[in-house]
Amino acid sequence: MSNKEALRELQQRLAQRMQAAREHQAPGAAWLAVECGGQGLLFSLKHAAEIFTPVPLKPLPYAKPWMMGVANLRGGLFTVVDLAVFLGLRAPQAPGSAEARADAGQARLVSLNPDMNSNCALLVDRLAGLRSEEQLKAQPLTAAEQEGRPRFAGQRMLDAQGRSWQQVHLDALSKHEQFLQVVV
């Protein structure tokens with residue numbers, strides 16, 4: 001089986017598990033785990049909608065460096081944000097296509113839930129599966145770490161292997177002032 005087929009199957013399994021988790025939501029939270037700029041991030045399954053393979057983008061002139069362009073995803077127009085660049089985890093790259101990136105073989109677009117009224121998809125470097133509350137424990141932050149954190153930055157969590165994961169509240173991100181300037 002080729003790597004492309006294996007990645008496609010993983011994407012399909014994740015999409016099915018995301019849908020099942022939404023339909024049978026347990027009292028504990030559940031997250032989609034992704035990697036961006038070497039950081040582990042967690043998106044609530046309530047706020048992450050669909051996962052897409054990167055597609056050709058139409059660049060937007062005079063856009064912010066993290067705004068990659070506009071994509072046609074299932075017949076709808078979505079603004080595409082390079083989340084690693086938006087968060088300052090990676091330097092901006094030349095406008096154009098998500099496929100131009102060196103690690104684009106694993107890169108994915110995660111669209112925001114339509115209930116948030118934002119036709120936006122976030123470019124992430126790679127999917128890392130689903131996580132449940134039982135798999136993670138809260139990691140306390142120092143006072144210095146808490147100061148100046150954006151509202152969309154949630155709790156930091158540790159998994160059983162000792163890896164740190166940062167919750168990102170996509171609903172708060174979609175309302176962030178800088179994000180709203182470009183994403184409609």
Side-chain angles (χ1 to χ4, degrees), residues 29 31-55 57-71 73 78-113 116-129 131 136 138-159 161-184:
W31 298 280
L32 172 64
V34 301
E35 291 183 8
C36 277
Q39 299 293 314
L41 304 175
L42 299 170
F43 301 156
S44 167
L45 290 180
K46 293 179 197 172
H47 300 129
E50 288 188 69
I51 299 168
F52 298 94
T53 302
V55 297
L57 303 174
K58 295 292 181 191
L60 297 172
Y62 311 110
K64 299 281 186 184
W66 41 266
M67 170 60 81
M68 296 190 69
V70 178
L73 303 174
F78 287 75
T79 54
V80 177
V81 170
D82 187 329
L83 187 59
V85 175
F86 180 82
L87 297 174
L89 302 173
R90 178 176 45 242
Q93 299 185 14
S97 169
E99 294 116 351
R101 298 216 346 246
D103 58 351
Q106 293 186 12
R108 294 292 179 261
L109 299 174
V110 178
S111 66
L112 301 184
N113 189 310
M116 289 191 271
N117 296 320
S118 179
N119 281 1
C120 178
L122 304 173
L123 177 71
V124 299
D125 295 342
R126 131 180 149 71
L127 301 175
R131 301 292 187 273
L136 302 164
Q139 184 180 14
L141 299 174
T142 67
E145 290 173 322
Q146 289 178 353
E147 196 170 312
R149 286 169 53 92
R151 282 192 4 237
F152 60 80
Q155 180 71 44
R156 197 168 52 205
M157 310 293 277
L158 279 177
D159 64 17
Q161 291 76 36
R163 177 151 189 206
S164 182
W165 295 89
Q166 174 66 54
Q167 290 179 13
V168 176
H169 299 299
L170 296 179
D171 56 337
L173 176 68
S174 71
K175 295 176 180 100
H176 187 270
E177 182 180 320
Q178 187 178 8
F179 201 78
L180 280 174
Q181 290 175 1
V182 182
V183 180
V184 181

Distance, nearest 0.5 Å, that separates [atom1] of [X] from [atom2] of [Y]:
{"X": "T79", "Y": "K64", "atom1": "OG1", "atom2": "NZ", "result": "14.0 Å"}
{"X": "Q167", "Y": "R131", "atom1": "CD", "atom2": "CZ", "result": "13.0 Å"}
{"X": "L57", "Y": "M67", "atom1": "CG", "atom2": "CE", "result": "10.5 Å"}
{"X": "L123", "Y": "C36", "atom1": "CG", "atom2": "SG", "result": "7.0 Å"}
{"X": "L83", "Y": "F43", "atom1": "CG", "atom2": "CZ", "result": "5.0 Å"}
{"X": "D171", "Y": "H176", "atom1": "CG", "atom2": "NE2", "result": "13.0 Å"}

### Query
Of L136, L45, V168, which is the lone residue that meets side chain to side chain contact (heavy atoms under 4.5 Å, CB included) with W31?
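So, applying the side chain to side chain contact (heavy atoms under 4.5 Å, CB included) to W31 and each of L136, L45, V168, only L136 qualifies.
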### Message
Before you tell me yes or no, could you show the steps for Q139 and M157 under side-chain contact (heavy atoms from CB on, under 4.5 Å), namely the whole-Å CA-CA distance, both residues' side-chain angles and the distance that decides it to 0.1 Å?
### Response
CA-CA 5 Å; Q139 184 180 14; M157 310 293 277; 5.9 Å; no
### R151 atom CZ, neighbour heavy-atom count above 12 within 6.0 Å
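Check fails, neighbour count at 12 or below.
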### P92 vs D82 side-chain heavy atoms within contact, under 4.5 Å
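No, every pair of side-chain atoms sits at 4.5 Å or beyond.
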### Task
Please examine the side chains of L87 and L41, heavy atoms only from C-beta on, and report whether any two atoms are closer than 4.5 Å.
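Yes. Closest side-chain heavy atoms under 4.5 Å.
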### Query
Ignoring hydrogens and geometry, is there a side-chain-to-backbone donor-acceptor pair from R126 to G105 under 3.5 Å?
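It does not hold such a pair.
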### Main-chain N/O of L42 paired with Q166 side-chain donor or acceptor, under 3.5 Å
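Not at all, since once roles are kept as given, no pair shorter than 3.5 Å links the two residues.
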### Query
Do the rings of F52 and F78 sit parallel, tilted or perpendicular, given the 30° and 60° boundaries?
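Ring orientation of F52 relative to F78: tilted.
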### Query
For the residue pair F86 and F152, does the interplanar ring angle fall in the parallel (under 30°), tilted (30 to 60°) or perpendicular (over 60°) class?
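Ring orientation of F86 relative to F152: tilted.
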### Task
Any chance you could lay out the side-chain contact (heavy atoms from CB on, under 4.5 Å) test for L122 and L170, step after step, and finish with the verdict?
CA-CA 10 Å; L122 304 173; L170 296 179; 3.6 Å; yes
### Message
Please evaluate residues E50 and L73 with respect to the criterion side-chain contact (heavy atoms from CB on, under 4.5 Å), reporting the C-alpha separation (whole Å), side-chain torsions for both, the decisive distance (0.1 Å), and the verdict.
### Response
CA-CA 10 Å; E50 288 188 69; L73 303 174; over 6 Å; no
For a quick test of reading the model, state the closest non-hydrogen atom pair linking [X] to [Y] and the distance between them.
{"X": "D125", "Y": "G38", "result": "OD2-N, 4.3 Å"}
{"X": "H169", "Y": "A153", "result": "CD2-C, 4.3 Å"}
{"X": "L112", "Y": "M116", "result": "CB-CE, 3.7 Å"}
{"X": "A91", "Y": "V85", "result": "O-CG2, 3.7 Å"}

### Sole candidate of R90, R163, R108 that passes salt bridge (Lys or Arg N to Asp or Glu O under 4.0 Å) when paired with E35
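The passing option is R163.
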